[in-house]
Amino acid sequence: MSSLSPQASPSPVSLTRHLLEEQRAGRINADLRLLIEVVARACKSISIAVGKGALGGVLGDAGSDGEASINVQGEAQKKLDVLSNEILMEANAWGGHLAGLASEEMDHSVPISDAQPRGNYLLLFDPLDGSSNIDVNISVGTIFSVLRCPDGVTTPGDEHFLQPGTAQVAAGYCTYGPSTMLVLTIGHGTHAFTLDREIGSFVLTQRGMTIPEETREFAVNMSNQRFWEAPMQAYVGDLLQGREGPRGKDFNMRWVASMVADVHRILTRGGIFSYPLDSKCAAKGGKLRLMYEANPMSLLVEQAGGAASTGRQRMLEVRPTGLHQRVPVFLGSRAEVEAAVRYHHEHDSQEQGDG
Ligand code: AFP
């Protein structure tokens, strides 16, 4: 009789098996492993709802009597925003691994109720990023970040979530596209799992994603060009000059307007993603959210060999001051992010010299 040996087995590696192996290697504890499994399970439910599209009756705006429902970000909520938030909240409320949750869709964080067992982690998520793309059947995604609950805190408030991105113990996203993929880091590389819809399981399809250091592709919403700061104008101006300009090569441009899809492309084939400061969003500090979008994506990108910055500071070292704080974002291929940062530093030191 032949015995089952992992080496001989050609069987695919499920997310569950991958996490168990990480636990046996001492890179993750059982609580964090189970917490990630709960998030992955919730993402499968969201994937089913997204996949039903118009047939599920879940497209369009949330709200009633013709009144749009507006979230804490001042944005109109989609029905799927609300549903995805409920799925993640419900799935994580009773698992016993969390002390509290915070969602991009909710004003404040929520501690796990006294009636449920509490754990030592804090979970932050953007339940459905890129949701303005839902109604036109373009990829959307869920982004999440896990922090440790500070020692001695049993009922965490918003202030306990205000930890820099370097403190994240796990981060990931799930993209609901032609296939549903979960991309995850626990601080030891960035790995991609594809949902096998027949067996309902995430299967490891790319171990150790690596972002090429150089790129010829940038992602930005060009319609904001006239609102950008001078260094961003100069940086993109030089990209657009292509081979004839100072960069000496032609650049291609892509913009999905779902950060998850744009970042997934960059993790797969390289590129730079940016949502810079502009005069429309300057008062808020930027467009994208530090805790729900920039930090988890920056950890995934750094763990894949890329870089992430505000243009002036390493993203993961930003000290958060608010749960819904916004920041300018530059992330992706290391050399290209460094080039964009250089334009900002050169501009700032020139300004200081002139002053
Ligand atoms: P929505 O979730 O409101 O669609 O916003 C998506 C997003 O936060 C991010 O995923 C995109 O990269 C960015 O905004 C797109 O912004 P623009 O619509 O200004 O290009």
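First listed ligand is number 1; within each ligand, the first listed atom is number 1.
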Task: Residue and atom name of the nearest protein heavy atom (relative to atom 20 (O) of ligand 1), distance in Å to one decimal - done: Asn221 ND2, 2.8 Å

Task: Side-chain donor-acceptor contact under 3.5 Å, Ser103 with Asn85 - done: yes

- [ ] Taking only heavy atoms of Glu293 into account, list the atoms of ligand 1 that are under 4.0 Å away from them.
- [x] 8 (O)

- [ ] Record the part of Leu288 in heavy-atom contact with ligand 1 below 4.0 Å; permitted values are side chain, backbone, both and neither.
- [x] side chain

Open item on the list: If only side-chain N and O atoms count, and only distance matters, is there a donor-acceptor pair under 3.5 Å linking Asp238 with Tyr343?
Closed with: yes

Task: Nearest protein heavy atom with distance in Å, relative to atom 12 (O) of ligand 1 - done: Met259 N, 3.5 Å

Task: Aromatic plane relationship, Phe330 with Tyr235 - under 30° parallel, 30 to 60° tilted, over 60° perpendicular - done: perpendicular

Task: Ser131 neighbourhood, listing ligand 1 atoms whose heavy-atom distance to it stays under 4.0 Å - done: 1 (P), 2 (O), 4 (O)

Task: Among Ala261, Gly130, Ser223, closest by any non-hydrogen atom to atom 6 (C) of ligand 1 - done: Gly130

Open item on the list: Under a 4.0 angstrom heavy-atom cut-off, which atoms of ligand 1 come close to Ser132?
Closed with: 1 (P), 4 (O)

Task: Arg289: numbered ligand 1 atoms lying under 4.0 Å from its heavy atoms - done: 8 (O)

TODO: Any atoms of ligand 1 less than 4.0 Å from a non-hydrogen atom of Ser258? List them with their elements.
DONE: 10 (O)

- [ ] Note the single closest protein heavy atom to atom 19 (O) of ligand 1, along with its residue, its atom name and the distance in Å.
- [x] Tyr275 OH, 2.6 Å

Open item on the list: Suppose we measure from atom 14 (O) of ligand 1 to each protein heavy atom; which comes out shortest, and what is that distance?
Closed with: Lys287 CE, 3.4 Å

Task: Heavy-atom pair of closest approach, residues Ser298 and Ala294 - done: OG-O, 2.6 Å

Open item on the list: Taking Arg312 first and then Glu229, would you say they form a salt bridge - that is, a charged N and a carboxylate O separated by under 4.0 Å?
Closed with: yes

Open item on the list: One thing to verify: whether Arg334 and Glu214 come together as a salt bridge, which I'm taking to mean a side-chain N less than 4.0 angstrom from a carboxylate O.
Closed with: no

TODO: Output yes when Lys78 and Asp81 qualify as a salt bridge under the 4.0 Å nitrogen-oxygen rule, no when they do not.
DONE: no

Task: atom 11 (C) of ligand 1: the protein heavy-atom neighbour that sits closest, reported with distance to 0.1 Å - done: Ala257 O, 3.5 Å

Open item on the list: What I want to find out is whether Arg27 reaches Glu21 closely enough, with some N-O distance under 4.0 Å, to be called a salt bridge.
Closed with: no

Open item on the list: Please report the interatomic distance CG(Asn92) to CD1(Ile112), rounded to the nearest 0.5 Å.
Closed with: 7.0 Å

Open item on the list: Pairs of nitrogen or oxygen atoms closer than 3.5 Å, one from Trp255 and one from ligand 1: do any exist?
Closed with: yes

